[in-house]
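Worksheet for the structure shown next.
Chain identifiers are assigned alphabetically (A, B, ...) following the order of the sequence lines, protein sequences preceding nucleic acid strands; residue numbering begins at 1 within each chain.
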Number of protein chains: 2
Amino acid sequence: MTFTAAIESAAVIDAAAGRCAGCSTRESCLGGLKAAGVCGFSDSSGRSVERGQHLFRAGEAIHCVFVLRSGAIKTYVTAASGDEQILGFYSPGDVIGYDSISAGKHSRNAVALVPAEVCRIPLESLVQSCAQSADLLNRLLAGMGQEIQRLQGMLKMERLTAEQRIALFLLNQARRQGRTEGSAGGYVLQLAMTRGEIGRFLDLATETVSRTLTRLKEAGLIQIDRSGIRLLNPTALHRIVQSQPVNSVERIAA
Amino acid sequence: MTFTAAIESAAVIDAAAGRCAGCSTRESCLGGLKAAGVCGFSDSSGRSVERGQHLFRAGEAIHCVFVLRSGAIKTYVTAASGDEQILGFYSPGDVIGYDSISAGKHSRNAVALVPAEVCRIPLESLVQSCAQSADLLNRLLAGMGQEIQRLQGMLKMERLTAEQRIALFLLNQARRQGRTEGSAGGYVLQLAMTRGEIGRFLDLATETVSRTLTRLKEAGLIQIDRSGIRLLNPTALHRIVQSQPVNSVERIAA
DNA sequence: CGAAATTTTGAAATTGATCAACGCCGGTGG
DNA sequence: CCACCGGCGTTGATCAATTTCAAAATTTCG
């Protein structure tokens with residue numbers, strides 16, 4: 001109950017129609033964009049989540065689907081052995097909770113990596129609205145289909161070598177972060193998660209993550225500055241992902 | 001085009017209303033069961049697929065979702081390196097194609113492991129029917145949610161040891177095959193796939209699958225007879241799955 | 001029956017995990 | 001202001017699980 005109380009105490013952002021106005025993700029919002037510039041949900045509400053605070057936990061009853069407006073959130077499950085497995089890192093615009101629609105309760109935990117804001121969309125009204133709006137239904141089905149394909153992609157990732165997984169992870173993060181271009185060319189990405197979290201996402205030991213990043217750095221493919229990573233040679237990273245396991249940095253670096 | 005032709009030439013089962021009558025999966029069919037004992041889809045049609053024949057291939061346009069009525073089907077993708085990754089084995093009653101709804105085209109291949117029969121549900125009418133039947137919409141969303149959770153389960157599976165993965169696989173197969181009880185107690189399951197296919201599903205080398213099955217057999221937990229496997233001690237298999245990696249057959253076998 | 005595919009078994013090689021130690025950085029409190 | 005502390009990251013050495021390579025045994029199917 002302690003965590004439930006913590007969740008309830010989270011700040012609730014004004015639910016007025018003006019809420020959508022400043023939303024950076026409204027163009028691609030699940031609710032669609034109505035004429036007035038607000039989303040199609042009349043009863044959605046916002047919420048801010050502090051770093052380290054849970055958005056929901058496995059086992060809790062489900063009432064909403066969440067759209068991440070800002071910040072970063074991870075979802076994870078805890079194995080019987082006690083160690084956590086990260087199922088996804090979410091960036092602004094992502095929808096969290098598709099898996100739990102019609103499931104009754106959450107199957108995993110969600111926690112903010114940095115201060116975040118989400119939009120809560122009540123499940124009941126979401127489903128009911130689908131009966132009226134074919135457009136919404138299509139967006140919902142598409143969103144769920146994409147979630148399935150994202151998981152299939154993770155499954156593929158798990159068959160790659162450590163180096164390939166890290167390279168693919170960096171490329172994916174860069175793509176999701178909207179390709180913030182750095183001054184000296186190449187993409188710069190800001191990692192909201194620790195090495196350990198990357199490892200628990202990719203199924204690699206922290207040490208392996210660190211070693212592999214170092215190797216990529218020494219090969220001149222990336223530049224590391226605390227939690228900021230600059231992709232100096234995305235093409236080479238791509239080649240690493242595509243290459244046969246026998247190849248590696250030494251063979252790929254142009 | 002060759003494969004498209006092959007698909008079109010597949011036998012089309014009579015689309016009369018009587019089709020549902022003999023369907024072993026109609027109780028749990030996506031379409032629901034109407035008063036007349038037939039499913040809610042007026043325009044679905046059946047199709048039989050021979051062993052080794054493809055139901056669909058990655059890249060093809062999507063027209064239908066399939067409900068497997070009998071037989072066994074696997075879905076897979078082919079990596080750049082050429083080797084296949086199996087994404088799922090389907091048993092009668094399973095729905096195939098959720099991932100592709102609203103995606104436009106298939107993201108993976110589906111092929112019959114043994115002669116199979118499927119029911120084709122046109123995508124367009126499925127989505128349109130959801131607007132009229134809240135019941136159908138709920139079943140569809142639940143099905144897609146379950147598919148997401150199935151993939152999350154696969155993700156968890158990939159973090160287990162070879163022995164745990166095999167044990168879990170056997171238990172899952174037994175559950176899905178409806179717990180056909182054997183004469184001498186314990187569950188008997190008929191594997192429609194080869195050792196190599198099990199390996200490409202669990203991400204294990206064929207040799208590892210074979211070795212692990214042998215070890216389970218020698219520990220007295222299972223009995224192997226060609227492609228038939230009898231689970232002599234499901235409880236012990238469960239314990240293997242739950243146990244810490246340090247434990248293994250020797251420690252678990254009661 | 002015989003050829004091809006699958007399965008099994010053995011031995012060696014390899015990848016990534018684990019164990020261990022150290023450095024770095026930020027915060028905290030004297 | 002500085003010393004201490006804890007978390008995080010890096011690096012090195014060793015270890016274990018699984019893959020790979022190789023070959024024989026078995027099964028399947030034409």
Among B:Phe66, B:Tyr98, B:Phe56, B:Tyr76, the one residue meeting ring-ring contact (aromatic ring centres under 6.0 Å, His included) with B:His106: B:Phe56

For [X] and [N], what is the distance between atoms [atom1] and [atom2] respectively, to the nearest whole Å?
{"X": "A:Gln164", "N": "C:dT15", "atom1": "CD", "atom2": "C1'", "answer": "13 Å"}
{"X": "B:Glu197", "N": "C:dA5", "atom1": "CD", "atom2": "P", "answer": "14 Å"}
{"X": "A:Arg159", "N": "C:dG16", "atom1": "CZ", "atom2": "P", "answer": "15 Å"}
{"X": "B:Ile166", "N": "D:dT18", "atom1": "CD1", "atom2": "C1'", "answer": "12 Å"}
{"X": "B:Leu213", "N": "D:dT26", "atom1": "CG", "atom2": "C1'", "answer": "16 Å"}
{"X": "B:Arg195", "N": "D:dA25", "atom1": "CZ", "atom2": "P", "answer": "19 Å"}
{"X": "B:Arg51", "N": "D:dC29", "atom1": "CZ", "atom2": "P", "answer": "6 Å"}
{"X": "B:Glu163", "N": "D:dA17", "atom1": "CD", "atom2": "C1'", "answer": "12 Å"}

Is there a side-chain contact between [X] and the phosphate of [N], meaning an N or O under 4.0 Å from OP1 or OP2?
{"X": "A:Thr206", "N": "D:dC8", "answer": "no"}
{"X": "A:Thr194", "N": "D:dG7", "answer": "no"}
{"X": "A:Thr208", "N": "C:dA17", "answer": "yes"}
{"X": "B:Ser210", "N": "C:dT7", "answer": "no"}

Does a side-chain N-to-carboxylate-O contact under 4.0 Å join [X] and [Y]?
{"X": "A:Arg150", "Y": "A:Glu147", "result": "yes"}
{"X": "B:Arg176", "Y": "B:Asp94", "result": "yes"}
{"X": "B:Glu84", "Y": "B:Arg108", "result": "no"}

With B:Ile166 as partner, the option from B:Leu171, B:Val241, B:Ile222, B:Leu202 fulfilling side chain to side chain contact (heavy atoms under 4.5 Å, CB included) is B:Leu202

Shortest side-chain distance from A:Ala205, nucleotide among C:dA17, C:dT8, D:dT19: C:dA17

Of the listed nucleotides (D:dT19, C:dG16, D:dT10), which one gets closest to any side-chain atom of B:Leu204? D:dT19

Checking only heavy atoms, does the side chain of B:Arg211 share a donor-acceptor pair with the base of D:dT20 at less than 3.5 Å? yes

What about A:Glu207, does its side chain sit under 3.5 Å from the base of C:dC19 through a donor-acceptor pair? yes

